[in-house]
Amino acid sequence: QVPVVQSGGGLVQAGDSLRLSCAASRRTFTTYAMGWFRQAPGKEREFVAAISWSSGNTYYADSVKGRFTISRDNAKNTAYLQMNTLKPEDTAVYYCAAVFTYYSGDYYYQEDKYDYWGQGTQVTVSS
């Protein structure tokens with residue numbers, strides 16, 4: 001069973017909204033956190049948002065605060081990224097990732113703490 005499966009994405013106009021989903025396998029793994037990262041053409045992958053599975057605390061990059069919302073559904077072991085007021089600079093491949101290892105502290109911004117990654121999905125925002 002694939003540990004992390006993501007869905008959503010597509011082509012929208014500036015100001016529109018999109019929702020991405022990310023389902024983590026619960027058969028073998030305990031989920032401690034899930035996060036979203038993105039990579040625009042010619043740029044390094046960057047942190048977007050993350051959520052602690054136990055507390056529900058959320059973390060955001062400054063560039064998306066107030067526009068993006070990450071949430072979780074414990075019953076479905078699924079995280080969602082609601083993206084509102086999209087801008088052309090949000091265009092990127094978006095990756096979800098899951099943390100199946102316990103860490104203390106605010107590790108959510110660190111890529112190397114995520115154990116499994118989704119396949120990536122393209123989000124394109126036209127002006």
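- Annotation: cation-pi geometry not satisfied between Arg72 and Trp36 (NZ/CZ under 6.0 angstrom from ring centroid, within 45° of ring axis).
- Remark: aromatic rings of Tyr108 and Phe47 are distant, center separation not under 6.0 Å.
- The salt bridge (Lys or Arg N to Asp or Glu O under 4.0 Å) search around Asp112 returns none, not counting sequence neighbours.
- With a 6.0 Å cutoff to the six-membered ring centre and a 45° limit on the axis angle, Arg38 does not count as a cation-pi contact of Tyr95.
- The hydrophobic clustering, which links ILVMFWY residues whose side-chain heavy atoms are closer than 4.5 Å, places Tyr109 and Tyr107 together.
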Which donor-acceptor pairs under 3.5 Å do side chains of residues 12-19 form with protein atoms, sequence neighbours excluded?
| from | atom 1 | to | atom 2 | distance (Å) |
| --- | --- | --- | --- | --- |
| Asp16 | OD2 | Gln13 | N | 3.1 |
| Ser17 | OG | Asn84 | OD1 | 2.9 |

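- Nearest heavy-atom pair across Cys96 and Val4 is SG-CG1, 3.2 Å.
- For the ring pair (Phe, Tyr, Trp, His ring centres under 6.0 Å) test, residues two or more places apart in sequence or in another chain that qualify with Tyr32 are Tyr102.
- Ile70 and Phe37 sit in two unconnected hydrophobic clusters of ILVMFWY residues. Membership requires side-chain heavy atoms under 4.5 Å apart, directly or through other members.
- Across all their heavy atoms, Asp90 and Thr85 have their closest contact at OD2-O, 4.4 Å.
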key: Criterion side-chain contact (heavy atoms from CB on, under 4.5 Å) on Tyr80 and Asp73, from CA distance to verdict   = CA-CA 8 Å; Tyr80 303 95; Asp73 183 331; 3.9 Å; yes

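- One distance of note links OG of Ser54 with CG of Asn74; it measures 9.5 Å at 0.5 Å rounding.
- For the pair Tyr60 and Thr69, the tightest heavy-atom approach, listed with the atom from each and the gap, is OH-CA, 3.3 Å.
- Between Thr124 and Gln122, the side chains place a donor N or O and an acceptor N or O closer than 3.5 Å (distance only, hydrogens not considered).
- The two residues Thr31 and Phe100 make their nearest non-hydrogen contact at OG1-CE2, 3.5 Å.
- Under the 4.5 Å side-chain heavy-atom criterion for ILVMFWY residues, no single connected hydrophobic cluster contains both Val93 and Leu81.
- You'll find the side chain of Glu111 reaches within 4.5 Å of the side chain of Arg45, heavy atoms only.
- Between Thr78 and Ser21 the shortest heavy-atom distance is CG2-CB, 4.5 Å.
- Sparse packing is recorded around OH of Tyr116, with 12 or fewer heavy atoms of other residues, nucleotides or ligands lying under 6.0 Å away.
- With respect to the salt-bridge test (charged N to carboxylate O, under 4.0 angstrom), the residues Lys65 and Asp62 qualify.
- Linking Ile, Leu, Val, Met, Phe, Trp and Tyr residues whenever their side-chain heavy atoms come within less than 4.5 Å places Val99 and Trp117 in a single cluster.
- Scanning all heavy atoms of the two residues, the minimum distance from Tyr94 to Gln6 falls at O-NE2, 2.9 Å.
- Val48 and Tyr114 are not part of a single hydrophobic cluster, where members link through side-chain heavy atoms under 4.5 Å apart.
- Side-chain N/O atoms of Ser52 and Asn57 include no donor and acceptor closer than 3.5 Å.
- A cation-pi arrangement is present between Lys113 and Tyr103, with the terminal nitrogen or guanidinium carbon under 6.0 Å from the aromatic centre and inside a 45° cone about the axis.
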